[in-house]
Engineer: 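Please see the structure below; I have some questions.
We number each residue from 1, following the sequence as shown. Note that this is a predicted model, so its numbers are computed, not measured. Values reported hereafter were calculated over all heavy atoms of this structure, with side chains retained and with hydrogens, waters and symmetry mates removed.
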Amino acid sequence: MSAFVEPLRIVLLADGPEWAQSLREQLAALGSPSSLITAPSWHAASSLFDGTPHGLLLATPERQPAPGSCPLPVILLLEEEPLEAPLGVNDWLVRRGFNADMLRRCLRYVREHSALKDTLQRLAEQDPLTGIANRQGFQTLLAARLAESGGRGLALGHLDLDNFRHANDALGHQAGDRLIRQVVARLQALLGAGDQLARLGSDEFALLLDTRADRQRAAQLAERLTEALSEPYLIDGESLLLGCSLGIAHARAGAGADPLMWHAHIAMQQAKNAQGCTFHVFDERINRSARSLADLEAELRHALRRDELELHYQPRLSIGSGKIVGLEALVRWRHSERGLLGPDEFVPLAEQSGLIVPLGYWVMSRALRDMQWLRGRGLPAMHMAVNLSFRQFQDSQLLPTLSRLIAERGVDARWLEFELTETAVMRRPEPVQQTMLGLTQLGVRFSLDDFGTGFSSFVHLNSLPISLLKIDKSFVGGMRERAENRQLVRAMINLAHNLGLEVVAEGVEDGEHLALLRQYGCDQAQGYLISKPLPLADLARFLVYGERQALLADLPL
């Protein structure tokens, strides 16, 4: 009775005929169907195992292949028992006492070792939760399918679930696991025999689609997939909706796996611009745009190192006294080819790439330096407002870095003000509050920018150390034409005063705006009526040489 489930292909590398004869005799005694192949070297025999690694190599020490050159288990054939275990082999056999039982034990050990190795390899390339391929397994699979097809008749989908992390945190990880299994079940129900699915990460999936019969099948299938994923999920008796973003990219002849995965990722990011469950097919024009953004990001990194950035300052006017009481620092980029760029043209890119953190520290350092410079010119102390992003709040070095910068410049931290948006403050109010309290201990104060455009919770608003509210210019600019805007602005001012906060109105561009704000009791105004953002030298002239007084004399105060 054979001890083997599947015949092994055994390769023998030996000088004389003795081992070949002995092995054939013992294999026959075992009744094994395994075949014995003699060869002068592993290089000569390796072509027999292309795509078929189910085999075994037996070799004398003189013919033993170099370590790592043979993928098969290696058994060393020795004349005598070694004093120490031989290196680079799975097992060894000794001629003295060699018999069928010894060969059976050796072959069983090799088979069990190979089975264990196959299991570990499968586990390494398989997602344990869903049973589909993981990232490592999919990369191997994708490379093989591209090589097989020559890059034709395949499309790759990159799927990302929206809001999964929020659902996972709210429902718990076990419910999150059940949700992932439901997603996989819906996807598998729509995929065909030539399609394959993999889980790339927590909430990301790859879909390899067979488009040999019809190139349009990828887009048609993407539509059905996104429709299926838009249906509610039932988790622990509760109905849950998830959005998803699916990017599709068609393989091209001669192109490798990395460009295809990158193109699918770009398309997925494009799909994210729309809400709900949507898909987008990769377009080369989008790729050129992505390369342009990547180039701009690299230029921004160089700009930070080459000091191509500068700050302009927009004054804030006290409506009651007619004096300039504050400045807002606004970053500009003096680009060598595109001229002076405003923050809207590069700050969002800095947010996406993570450059907002070093950029923010540069702004803080430069603003503190300019505060010191203005005080050295005999100008009265004014609040210096610097915009602070949520990404900067997440940086653990914010507090020690700011403390060091304040000490280096020797400025009074009470005149430093950080402007935060409603979205940043309300995204994670508890950690934001802890950071804000740490900064207030230095003397820094906070203002809430673009008030009225976000989703403020008055509970959090009242608990955070905020000194000012800045009413967004979209409300101020429409006061003359719309009664609703006038009512909203007045209500915001009353609300802020009831909370003990000062109010700054942005976007004040004419005397009528200023007169209404004064009537409503607004504390400060900022806008082109007072001054546009100015470079430091122009700001000094505005503040020192009478231009301010000439301008303010015409204001209806």
Engineer: For the side-chain hydrogen bond (donor to acceptor under 3.5 Å, both in side chains) test, which of Lys470, Lys473, Arg316 pairs with Gln526?
Structural biologist: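 Result: among Lys470, Lys473, Arg316, Lys470 is the only option passing the side-chain hydrogen bond (donor to acceptor under 3.5 Å, both in side chains) with Gln526.
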Engineer: Kindly indicate whether the side chain of Leu536, heavy atoms from C-beta on, has any atom under 4.5 Å from the side chain of Glu310.
Structural biologist: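 Answer no - side chains too far apart.
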Engineer: Mind checking whether Met364 and Phe418 have side chains closer than 4.5 Å, heavy atoms only?
Structural biologist: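 The answer is yes, as the side chains (C-beta and beyond) meet within the 4.5 Å cut-off.
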Engineer: Kindly indicate whether the side chain of Met384, heavy atoms from C-beta on, has any atom under 4.5 Å from the side chain of Tyr313.
Structural biologist: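 Side-chain contact under 4.5 Å: yes.
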Engineer: Does any non-hydrogen side-chain atom of Leu398 lie less than 4.5 Å from one of Thr435?
Structural biologist: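 Heavy-atom side-chain distance check passes, below 4.5 Å.
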Engineer: Taking C-beta and beyond as the side chain, do Ile471 and Ile493 meet within less than 4.5 Å on heavy atoms?
Structural biologist: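 Yes. Closest side-chain heavy atoms under 4.5 Å.
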Engineer: Does atom CZ (Arg215) have a neighbourhood of more than 12 heavy atoms from anything else shown, all under 6.0 Å?
Structural biologist: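 No, CZ of Arg215 has 12 or fewer neighbouring heavy atoms, counting only those of other groups under 6.0 Å.
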Engineer: Between Arg186 and Glu231, is the salt bridge (charged side-chain N to carboxylate O under 4.0 Å, His left out) condition met? List the steps.
Structural biologist: CA-CA 10 Å; Arg186 294 187 188 187; Glu231 295 295 323; over 6 Å; no
Engineer: Name all residues meeting the salt bridge (Lys or Arg N to Asp or Glu O under 4.0 Å) criterion together with Arg332; count only those two or more places apart in sequence or in a different chain, and write none if there are none.
Structural biologist: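 Here no residue qualifies.
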Engineer: How about Glu417 and Ser447: does a side-chain donor come under 3.5 Å of a side-chain acceptor?
Structural biologist: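 Yes, because at least one side-chain N or O of Glu417 sits under 3.5 Å from a partner of the opposite role on Ser447.
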Engineer: Can you list every salt bridge (Lys or Arg N to Asp or Glu O under 4.0 Å) pair that touches residues 358-386, not counting sequence neighbours?
Structural biologist: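 Qualifying pairs, neighbours excluded: Asp307-Arg366.
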Engineer: Measure the CG-CD distance between Leu517 and Glu512 for me, rounded to the nearest 0.5 Å.
Structural biologist: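 Rounded to the nearest 0.5 Å, the CG-CD separation comes to 11.0 Å.
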Engineer: Atom SG of Cys522 and atom CD1 of Ile319: how far apart are they, to the nearest 0.5 Å?
Structural biologist: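 That separation rounds to 4.0 Å.
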Engineer: Is it the case that more than 12 heavy atoms not belonging to Glu408 sit under 6.0 Å from its CD atom?
Structural biologist: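 Correct, the count exceeds 12.
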Engineer: Does Arg306 have any side-chain hydrogen bond (donor to acceptor under 3.5 Å, both in side chains) partners at least two apart in sequence or in another chain, and if so, which?
Structural biologist: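 So Arg306 forms a side-chain hydrogen bond (donor to acceptor under 3.5 Å, both in side chains) with Glu308.
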Engineer: What distance separates Leu187 CG from Gln182 CD, expressed to the nearest 0.5 Å?
Structural biologist: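 Taking CG in Leu187 and CD in Gln182, the distance rounds to 12.0 Å.
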Engineer: Looking at Arg199 and Glu204, is there a salt bridge between them, counting it only when a charged N and a carboxylate O are closer than 4.0 Å?
Structural biologist: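 No, this pair does not count.
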Engineer: Look up atom CG in Leu388 and atom CD1 in Ile356, then write down how far apart they are to the nearest 0.5 Å.
Structural biologist: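 Going from CG on Leu388 over to CD1 on Ile356, the span is 9.0 Å.
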Engineer: Can you say whether the rings of His263 and Phe282 are parallel (under 30°), tilted (30 to 60°) or perpendicular (over 60°)?
Structural biologist: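 Rings of His263 and Phe282: parallel, under 30°.
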Engineer: Find the distance between CG (Leu374) and CG (Leu327) and round it off to the nearest 0.5 Å.
Structural biologist: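 Reported to 0.5 Å precision, the distance equals 7.0 Å.
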Engineer: With a sphere of 6.0 Å drawn around CG of Asp214, does it hold more than 12 non-hydrogen atoms of other residues, nucleotides or ligands?
Structural biologist: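 Check passes, neighbour count above 12.
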Engineer: Report the distance from atom CZ of Arg305 to atom CG of Leu309, rounding to the nearest 0.5 Å.
Structural biologist: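 Rounded to the nearest 0.5 Å, the CZ-CG separation comes to 12.0 Å.
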Engineer: According to side-chain contact (heavy atoms from CB on, under 4.5 Å), who are the partners of Asp236, at least two apart in sequence or on a separate chain?
Structural biologist: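 Counting only residues at least two positions away or on another chain, Asp236 forms a side-chain contact (heavy atoms from CB on, under 4.5 Å) with Ala175, Arg178.
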Engineer: Side chains of Leu469 and Leu499: does their closest heavy-atom pair fall under 4.5 Å?
Structural biologist: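 Heavy-atom side-chain distance check fails, nothing below 4.5 Å.
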Engineer: With a cut-off of 6.0 Å (strictly less than), are more than 12 heavy atoms of other residues, nucleotides or ligands near CZ of Arg404?
Structural biologist: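 Count over threshold, so yes.
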Engineer: Please name the pair of heavy atoms, one in Leu514 and one in Ala525, separated by the smallest distance, quoted to 0.1 Å.
Structural biologist: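 Between these two residues, the closest heavy atoms are CD1-CB, 3.7 Å.
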Engineer: Is a donor from one side chain sitting under 3.5 angstrom from an acceptor on the other, for His312 and Asp538?
Structural biologist: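 Distance-only check fails for His312 and Asp538.
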Engineer: Could you tell me which residues satisfy ring-ring contact (aromatic ring centres under 6.0 Å, His included) with His265, sequence neighbours excluded, listed by chain and number?
Structural biologist: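 Partners of His265 by the ring-ring contact (aromatic ring centres under 6.0 Å, His included) criterion, ordered by chain and then number, come out as His158, Trp262.
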Engineer: Could you give all pairs that pass the side chain to side chain donor-acceptor pair (under 3.5 Å) test and reach residues 480-494, with sequence neighbours left out?
Structural biologist: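 Those involving residues 480-494 are Arg480-Asp510, Arg482-Asn485.
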Engineer: Would you indicate whether the side-chain heavy atoms of Leu468 and Leu501 approach each other to under 4.5 Å?
Structural biologist: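 Counting from C-beta outward, Leu501 and Leu468 never come under 4.5 Å.
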Engineer: Given the rule in the side-chain hydrogen bond (donor to acceptor under 3.5 Å, both in side chains) test, do Glu328 and Asn387 qualify, once you have shown the distances and angles that lead to the verdict?
Structural biologist: CA-CA 8 Å; Glu328 181 179 0; Asn387 291 282; 3.3 Å; yes
